[in-house]
Colleague: 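This is the structure I have questions about; it appears just below.
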Amino acid sequence: MNKMTKDVSGIPHTVPQKPATFTDPVNAEIRRAAATGIYDIRGGGAKRKVPHFDDLLFLGASISRYPLEGYREKCETKVVLGTRFAKKPIELDIPITIAGMSFGSLSGPAKEALGRGASAAGTSTTTGDGGMTEEERGHSDKLIYQYLPSRYGMNPDDLRRCDAIEVVVGQGAKPGGGGMLLGQKISDRVAEMRNLPKGIDQRSACRHPDWTGPDDLEIKILELREITNWEKPIYIKVGGARPYFDTTLAVKAGADVVVLDGMQGGTAATQDVFIEHVGQPTLACIRPAVQALQDLGMHREVQLVVSGGIRTGADVAKALALGADAVSIGTAALIALGDNDPRWEAEYNELGTTAGAYDDWHEGRDPAGITTQDPELMARFDSIAGGRRLSNYLKVMTLEAQTIARACGKNHVHNLEPEDLCALTVEASAMSGVPLAGTNWVPGRDESY
Amino acid sequence: MQTIDMASTELREANSTLQAQKADTNQKAWEIVNPKGSHAIACGLDGPIEVTVRGSTGYYCAGMNKQAHIHIVGSAGPGVAENMMSGTVVIDGDASQYAGATGHGGLLVIKGNASSRCGISMKGIDIVVHGNIGHMSAFMAQSGNLVVLGDAGDALGDSLYEARLFVRGTVKSLGADCIEKEMRPEHLGILKDLLERADADAKPEEFKRYGSARKLYNFDVDNASAY
Ligand SMILES: Cc1cc2nc3c(=O)[nH]c(=O)nc-3n(C[C@H](O)[C@H](O)[C@H](O)COP(=O)(O)O)c2cc1C
């Protein structure tokens, strides 16, 4: 007898139960793969739940530590990046920067809005895999120029008119993977900037074409410095794979700044399997990287910028407390601009999704007009209003981080320290090296860091 | 002729002197002596000057060159003329890996052999190699011309985009999506011009042309084995 039909026998029976392993989304993906023969490609970062900043809490001041007075006692937020070798370090008013997001994945007006918002808040933006556009150079007071394996649009003039150079070795969403931009987004302008045929599915290389390993990288950095008169700070961006060794080698190769992007970090387009299954959570990356800097006597000398899932001033404060000098945001900046806004819900539904879940950025049909090259959709996006929203958001995050820092008695956000934190879970404690709340225990270590 | 002696000049000073020569400079002829394999010699130049390097160079000599004519009287280390925009770079000897990598324009001439990954990711540069080239040359090459008078190693033109490859000798193997293509009159014209400019003693008719089959341009599950 079918269990679902009405039972008249009076014998109790089991409730239909779906397996925890073969969930509806898993089965749907099996059916999709079977129907199409291609892996799922999407934008955004890891969607699975991993230990994160939410699993840490600040202790706040008490008798042993006294707080700073809210409106009267200053809590500084200035950050200087690139003090090791560069003649012209980057001075930022706030410890939050805008991460590299390519023109191509984003529209020109979206890049302009990032520049407007960041400049108004006193921070920098970053180019991406696709070269430098006038929109972003023109509207970003401080622009970091990415040096990527693809070298699309790379040229010495842009190298000289940027404010810092970021050598991209990896990205948290895909440590070990290259870029992707599918045909729908290779418009005439994007094709020309990248020197590619229009409409192709573009795969960028995952390794740099003219260096392998840290010894070569050191010479590559020498060349970049020679071309730019040793003025520009050189950042090295790595995905959260082996943060202790990657940080050590980046410093050895001559980095002024290390940018460390954990697995929750967003991407414009990557295989879902890559996003969800490769790389370490941001939380797990920070302490090993800081430890590497400390072991080399380079903490604060070579600055550490952390990204991957930063959303709030609390996240900023926690990353800084664990030893970062600044953080960087991608996804959150796009949301501030208007990405995944419920006002477009009807159109998200038409695309088979819902606001908050839309991640088919590679298809170029973004209702919010941000992750697209379609002129009609792009026209929906107002770069001035978008820039204002971004600067508001950056200021709110900064105020939040200051609020926490004052509560911990710090007159600079950089004075936050691991001792200000406790962990809510055993996992978060092990990963972040701060004691489990209510104990002085850090799993996996005889003593805390 | 102005001479820079690398035995007594810091790299920074040598490069900034050369980089300061712009379109209106009247010091057009330069010579670098005792390079002794130093890295990043004469990189980032942006003026119509002639630089003769007397000896062999390390990594990234003539990197990102614009306008300048750089002549290496010796051999060149990895990444010579990487990302060149315009001008010419001529190497009398051999070139190590990644010669002309990602170059956007200009002409790179290697009178000897070039190692692996010659012309990798090239984006418009013309490269003429009088000798042989190593494996994975012209990997992901986007545009421009690679001319080889000798033989090519394994996996020539793997994942090629629109660059044209001309080889006179043998090709050990072609990379994914790279095929031999018909040599049409326009290609013979391009070759003739490049051979002349590169001072190469060969006839266009002796070459075979290779290019992209364009099968990997848009994903097709039937090509999955190539990924
Ligand atoms: C739309 C988009 C495009 C991106 N493009 C690039 C890129 O071109 N180069 C790069 O290094 N990282 C790129 N990233 C990654 C970001 O630089 C950054 O590492 C990441 O977004 C940080 O994590 P978050 O999104 O959680 O803030 C991109 C991210 C997004 C969301």
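In what follows, chains carry the letters A, B, and so on, assigned in the order in which the sequence lines appear, proteins first and then strands, with residues in each chain numbered from 1.
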Colleague: Pick one of side chain, backbone, both or neither for A:L182, based on which atoms fall under 4.5 Å of a heavy atom in chain B.
Modeller: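 A:L182 has no heavy atom closer than 4.5 Å to chain B.
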
Colleague: Using a 4.5 angstrom heavy-atom cutoff, name the option from B:A99, B:S159, B:C43 with the most pairs to chain A.
Modeller: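 Answer, by heavy-atom pair count under 4.5 Å with chain A: B:C43.
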
Colleague: Counting N and O atoms only, with roles assigned by atom type, does the side chain of B:Q142 sit under 3.5 Å from a partner on the main chain of A:N195, one being a donor and the other an acceptor?
Modeller: yes

Colleague: With a 4.5 Å cut-off on heavy-atom pairs, point out which of B:N83, B:L45, B:N15 contacts chain A the most.
Modeller: B:N83

Colleague: Go through the atoms of A:P209 and report whether side chain, backbone, both or neither lie under 4.5 Å from a heavy atom of chain B.
Modeller: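 Both parts, heavy atoms under 4.5 Å.
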
Colleague: Closest approach of A:S150 and B:S121, non-hydrogen atoms and distance?
Modeller: O-OG, 4.4 Å

Colleague: Is the number of heavy atoms from other residues, nucleotides or ligands within 6.0 Å of NZ (A:K88) greater than 12?
Modeller: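 For A:K88, atom NZ is not crowded (no more than 12 foreign heavy atoms under 6.0 Å).
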
Colleague: Tell me, for B:I41 versus chain A, whether the close heavy atoms (under 4.5 Å) come from the side chain, the backbone, both or neither.
Modeller: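 It is neither, since no heavy atom gets under 4.5 Å.
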
Colleague: Among B:M85, B:M64, B:K123, which residue meets the side-chain contact (heavy atoms from CB on, under 4.5 Å) test with A:N155?
Modeller: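 The side-chain contact (heavy atoms from CB on, under 4.5 Å) with A:N155 is passed solely by B:M85 among B:M85, B:M64, B:K123.
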
Colleague: What distance separates B:N218 CG from A:Q184 CD, expressed to the nearest 0.5 Å?
Modeller: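 Those atoms lie 8.5 Å apart.
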
Colleague: Report which part of B:N65 has an atom under 4.5 Å of a heavy atom belonging to chain A: side chain, backbone, both, or neither.
Modeller: neither

Colleague: Rounded at 0.5 Å granularity, tell me how far CD in B:Q97 sits from CH2 in A:W211.
Modeller: 13.5 Å

Colleague: Using a cut-off of under 4.5 Å on heavy-atom pairs, state which of B:Y98, B:Y59, B:F139 scores highest against chain A.
Modeller: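 Among the listed options, the one with the most contacts to chain A is B:Y98.
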
Colleague: Return the minimal non-hydrogen interatomic distance between B:G63 and A:I227, and the atom names on each side.
Modeller: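 Shortest heavy-atom contact: O-CD1, 4.1 Å.
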
Colleague: Flag the one option from A:P156, A:A205, A:G199, A:G183 with the top tally of heavy-atom pairs under 4.5 Å to chain B.
Modeller: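 Of the candidates given, the most pairs with chain B belong to A:P156.
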
Colleague: Just wondering, are more than 12 heavy atoms of other shown residues or ligands nearer than 6.0 Å to CD in B:E186?
Modeller: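 Result for CD/B:E186: enclosed.
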
Colleague: Sort out for me which of A:D157, A:L159, A:T228 touches chain B most, counting heavy-atom pairs under 4.5 Å.
Modeller: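 Most heavy-atom pairs under 4.5 Å with chain B: A:D157.
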
Colleague: Do you know which two heavy atoms are closest between B:G44 and A:R160, and how far apart they sit?
Modeller: O-NH2, 2.7 Å

Colleague: Looking at A:K87, I want to see if its NZ is surrounded by more than 12 non-hydrogen atoms of other residues, nucleotides or ligands under 6.0 Å.
Modeller: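 Correct, the count exceeds 12.
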
Colleague: So which atom in B:E82 and which in A:R151 form the shortest heavy-atom distance, rounded to 0.1 Å?
Modeller: OE1-NH1, 3.9 Å

Colleague: Got a second to check how far A:I200's CD1 is from B:E162's CD, nearest 0.5 Å?
Modeller: 8.0 Å

Colleague: Check whether more than 12 heavy atoms from other residues, nucleotides or ligands sit under 6.0 Å from atom CZ of A:R32, and answer yes or no.
Modeller: yes

Colleague: Can you tell me which portion of B:Y60 sits under 4.5 Å from chain A's heavy atoms? Options are side chain, backbone, both or neither.
Modeller: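 The answer is both parts of B:Y60.
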
Colleague: Tell me, side chain or backbone of B:R12 under 4.5 Å from chain A's heavy atoms, or both, or neither?
Modeller: both

Colleague: Could you pull out the closest heavy-atom pair between A:D210 and B:A101, with the gap in Å?
Modeller: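 Smallest heavy-atom distance, with atoms named: CB-CB, 4.2 Å.
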
Colleague: Please state whether the side chain, the backbone, both or neither of A:R194 comes within less than 4.5 Å of a heavy atom of chain B.
Modeller: backbone

Colleague: Under the 3.5 angstrom rule, does the side chain of B:Q19 hit a backbone N or O of A:E226 as a donor-acceptor pair?
Modeller: yes

Colleague: Does atom CD (B:Q27) have a neighbourhood of more than 12 heavy atoms from anything else shown, all under 6.0 Å?
Modeller: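 Enclosed: over 12 neighbouring heavy atoms sit under 6.0 Å from CD of B:Q27.
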
